[in-house]
Chemist: 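Below is the structure I would like to discuss, written out as structure tokens.
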Amino acid sequence: MKTLPNHLILFDAECPICTFYAKTVTSAGIIEKSGEIAYQDITAETCPMVDRQRAVNELAIVNQTTGEVSYGINSLFKILAVAMPWLKPLLTFKPFIWVMSKVYALFSYNRRLIIPTAQATQKYALQPTFRLSYRLLYLVLAWAITAYILTAYVHLMKGILPQGDRFREYLICGGQIFFQGAIVVIIAKNKTFDYLGNMMTVSLGGALLLIPGLIAGVFFNIAPIVYVLYFMGVAGLMLFEHIRRVGLLNLWWGLSVTWLIYLVLVLLVILK
């Protein structure tokens, strides 16, 4: 395999995803291990060409010979072009680069929602920039995917849980965003979108855990009560994860209570 000699890969030491990615690249030998460094540990003198705030937002690769710096999707494609040269025509196709740059930005600006870290441990002055547009897009996508999966899963519980119209789960998931959003605005307005992003990550994670049930339903004739019990188990895991994330955000523990109250109220309305 070809390598990128005399290159530095800069990663976010407070981001488990970024750390794993950087270590994978160096372990594969694409960049030598001495070229793996957290952007928090570099100085302006070490890498004068690096835009430090941009390096926080987008993983950067520095060519120490030429001083050239690649950010975000360009740095990722630079590594992929070395690891898989046969992909190079696609990786240099400008429309594809543009689309993937938006996908990369969606994940990069919301990466701390996917794998959160305790705010108390975020000791560095430079933190990822908050981009409202990408946060709203993340919320919408998480809402749509979660509601879509729930709509399909509800049919597996037929006979126990009343079947609603095809938009019911979308209304329930959307209602929770507004219900919890109204509460967090009152108690900690400055953390509204951080909380909602984490809440919807919990919802999305729970929905993804239901997929094995959907797959099983295609191949096996399973009693609806089994799907109900599995759903309850997933809901329990979601509650514990919600509690954990509220703690990481240093928010009022009662948000987990109101989260649960909303779900119970919805269930009562459905069963009425």
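Small disclaimer: the values here were computed from a predicted structure and weren't measured.
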Chemist: Could you measure the distance from the CG atom of L260 to the CD1 atom of I243? Nearest 0.5 Å is fine.
Modeler: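 The CD1 atom of I243 is 8.5 Å from CG of L260, to the nearest 0.5 Å.
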Chemist: Distance from L263 atom CG to L268 atom CG, nearest 0.5 Å?
Modeler: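 Answer for the CG-CG pair, L263 versus L268, is 11.0 Å.
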Chemist: Quick one: CD on Q64 to NE2 on H7, what's the gap to the nearest 0.5 Å?
Modeler: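 Spacing of CD (Q64) from NE2 (H7) equals 9.0 Å.
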Chemist: Can you get from V140 to F167 by hopping between Ile, Leu, Val, Met, Phe, Trp and Tyr side chains that sit under 4.5 Å apart?
Modeler: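 No, separate clusters.
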Chemist: Is there a ring-ring contact (aromatic ring centres under 6.0 Å, His included) between Y170 and W143 once you walk through the steps?
Modeler: CA-CA 7 Å; Y170 290 90; W143 162 74; 5.7 Å; yes
Chemist: Can you get from L237 to M232 by hopping between Ile, Leu, Val, Met, Phe, Trp and Tyr side chains that sit under 4.5 Å apart?
Modeler: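 Yes, L237 connects to M232 through the hydrophobic network.
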Chemist: Taking side-chain contact (heavy atoms from CB on, under 4.5 Å) as the definition, give me every residue that meets it alongside A60, ordered by chain and number, with sequence neighbours left out.
Modeler: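 Listed in chain order: L10, A55, V69, Y71.
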Chemist: Could you state the interatomic distance from CG (D194) to CG (N250), rounded to the nearest 0.5 Å?
Modeler: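 The CG atom of D194 sits 11.5 Å away from the CG atom of N250.
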Chemist: Taking salt bridge (Lys or Arg N to Asp or Glu O under 4.0 Å) as the test, write out the residues that go with R166, two or more places apart.
Modeler: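 Once residues adjacent in sequence are excluded, R166 has no partner under the salt bridge (Lys or Arg N to Asp or Glu O under 4.0 Å) criterion.
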Chemist: Output all residues satisfying salt bridge (Lys or Arg N to Asp or Glu O under 4.0 Å) with E241, sequence neighbours left out; order by chain, then residue number.
Modeler: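 With sequence neighbours excluded, E241 shows a salt bridge (Lys or Arg N to Asp or Glu O under 4.0 Å) to R244, R245, given in chain and number order.
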Chemist: Would you say L156 and P224 make side-chain contact, with heavy atoms under 4.5 Å?
Modeler: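 Sidechains of P224 and L156: no contact.
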Chemist: Starting from the C-alpha separation in whole Å, work towards a yes-or-no answer on side-chain contact (heavy atoms from CB on, under 4.5 Å) for V184 and F193.
Modeler: CA-CA 9 Å; V184 78; F193 286 103; over 6 Å; no
Chemist: State which residue, out of V266, T146, T151, fulfils the side chain to side chain contact (heavy atoms under 4.5 Å, CB included) condition with C173.
Modeler: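 Answer after filtering V266, T146, T151: T146.
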Chemist: May I have the step-by-step check of side-chain contact (heavy atoms from CB on, under 4.5 Å) for E169 and Y148, ending in yes or no?
Modeler: CA-CA 8 Å; E169 313 311 320; Y148 179 82; over 6 Å; no
Chemist: Can you give the donor-acceptor pairs under 3.5 Å from side chains of residues 102-110 to other protein atoms, not counting sequence neighbours?
Modeler:
residue	atom	partner	partner atom	Å
Y104	OH	L59	N	3.0
S108	OG	N57	O	2.2
S108	OG	R111	NH1	3.4
Y109	OH	R131	NH1	3.4
N110	OD1	R135	NE	2.7
N110	ND2	L106	O	2.8
N110	ND2	Y134	O	3.1

Chemist: May I ask you to check whether T26 and E32 show a side-chain donor-acceptor distance below 3.5 Å?
Modeler: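 Absent: no donor and acceptor within the cut-off.
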Chemist: Quick check: does any side chain N or O of K191 sit under 3.5 Å from a backbone N or O of L249, one acting as donor and the other as acceptor?
Modeler: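 Yes, because the side chain of K191 sits within donor-acceptor range (under 3.5 Å) of the backbone of L249.
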Chemist: Please determine, by modelled atom types, if T129 and Q53 share a side-chain donor-acceptor pair under 3.5 angstrom.
Modeler: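 Side-chain D/A pair, T129 to Q53: present.
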Chemist: Go through the steps to decide whether I114 and Y138 satisfy the test side-chain contact (heavy atoms from CB on, under 4.5 Å), and finish with yes or no.
Modeler: CA-CA 11 Å; I114 300 172; Y138 181 83; 4.2 Å; yes
Chemist: M199 and L132: same hydrophobic cluster, using ILVMFWY side-chain contacts below 4.5 Å?
Modeler: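 Yes, M199 and L132 fall within the same hydrophobic cluster.
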Chemist: CD1 of I9 to NZ of K78: how many Å apart, nearest 0.5 Å?
Modeler: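 The NZ atom of K78 is 11.0 Å from CD1 of I9, to the nearest 0.5 Å.
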Chemist: Do F96 and L91 make a side-chain contact, defined as non-hydrogen atoms from C-beta onward lying under 4.5 Å apart?
Modeler: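 Counting from C-beta outward, F96 and L91 do come under 4.5 Å.
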Chemist: Are F93 and L80 in one and the same hydrophobic cluster, where Ile, Leu, Val, Met, Phe, Trp and Tyr link if side-chain heavy atoms are under 4.5 Å apart?
Modeler: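 Yes, F93 connects to L80 through the hydrophobic network.
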Chemist: Which heavy atom of L271 sits nearest a heavy atom of P162, and at what distance?
Modeler: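 Where L271 meets P162 most closely, the heavy atoms are CD2-CD, 3.7 Å.
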Chemist: Within the distance-only criterion (no hydrogens, no angle test), does the side chain of N74 pair as donor or acceptor with the backbone N or O of S70 below 3.5 angstrom?
Modeler: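 No; judged by distance alone, with no hydrogens or angles, the pair does not exist.
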Chemist: Group every Ile, Leu, Val, Met, Phe, Trp and Tyr by side-chain heavy-atom contacts under 4.5 Å, then state whether V99 and L141 land in the same group.
Modeler: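 No.
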Chemist: Donor-acceptor pair, distance only, cut-off 3.5 Å: does the side chain of H242 make one with the backbone of F240?
Modeler: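 No: the side chain of H242 does not pair with the backbone of F240.
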Chemist: Can you name the nearest heavy-atom pair linking Q176 to S203, along with the distance?
Modeler: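 Closest approach of Q176 to S203, heavy atoms only: OE1-OG, 3.9 Å.
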Chemist: For the pair Q163 (side chain) and V154 (backbone), establish whether a donor and an acceptor sit closer than 3.5 Å, ignoring hydrogens and angles.
Modeler: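 Answer holds: yes.
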Chemist: On a heavy-atom basis, which atom in A188 and which in L251 lie closest, and how many Å separate them?
Modeler: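 Closest heavy-atom pair between A188 and L251: CB-CD2, 3.5 Å.
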Chemist: Within the 4.5 Å heavy-atom criterion, are D12 and R112 side-chain neighbours or not?
Modeler: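 When only atoms from C-beta onward are counted, R112 and D12 do touch, with a gap below 4.5 Å.
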Chemist: Do the side chains of L161 and L267 get nearer than 4.5 Å, heavy atoms only?
Modeler: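 Contact flag for L267/L161 side chains = yes.
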Chemist: If you look only at distance, which donor and acceptor atoms sit under 3.5 Å apart when one is on a side chain in residues 207-221 and the other is two or more places apart or in another chain?
Modeler:
none

Chemist: With a 4.5 Å cut-off on side-chain heavy atoms, are W259 and V246 touching?
Modeler: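 No; the side chains remain at least 4.5 Å from each other.
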Chemist: Would you name the heavy atoms of L239 and S256 that are closest together and state the gap between them?
Modeler: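 Answer, listing the atom of L239 first, then S256: CD1-O, 4.2 Å.
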Chemist: Quick one: are Y21 and F11 in side-chain contact, heavy atoms under 4.5 Å?
Modeler: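 No, their side chains stay 4.5 Å or more apart.
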Chemist: Once you round to the nearest 0.5 Å, how far does CG of L255 lie from OH of Y195?
Modeler: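 Interatomic distance, L255 CG to Y195 OH, rounded to 0.5 Å: 5.0 Å.
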Chemist: Report the C-alpha separation of F77 and K88 in whole Å, then their side-chain angles, then the decisive distance to 0.1 Å, and conclude whether the side-chain contact (heavy atoms from CB on, under 4.5 Å) test is met.
Modeler: CA-CA 8 Å; F77 282 1; K88 195 168 183 179; over 6 Å; no
Chemist: Should L8 and N63 count as side-chain neighbours, where that means a heavy-atom distance under 4.5 Å?
Modeler: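 Contact flag for L8/N63 side chains = no.
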Chemist: Taking the side chain as everything from C-beta on, heavy atoms only, tell me whether Y230 gets closer than 4.5 Å to I225.
Modeler: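 Result no, sub-4.5 Å side-chain heavy-atom pair not found.
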Chemist: May I have all residue pairs that pass salt bridge (charged side-chain N to carboxylate O under 4.0 Å, His left out) and include part of residues 202-221, sequence neighbours excluded?
Modeler: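 Checked against salt bridge (charged side-chain N to carboxylate O under 4.0 Å, His left out) - neighbours excluded - no pair reaches residues 202-221.
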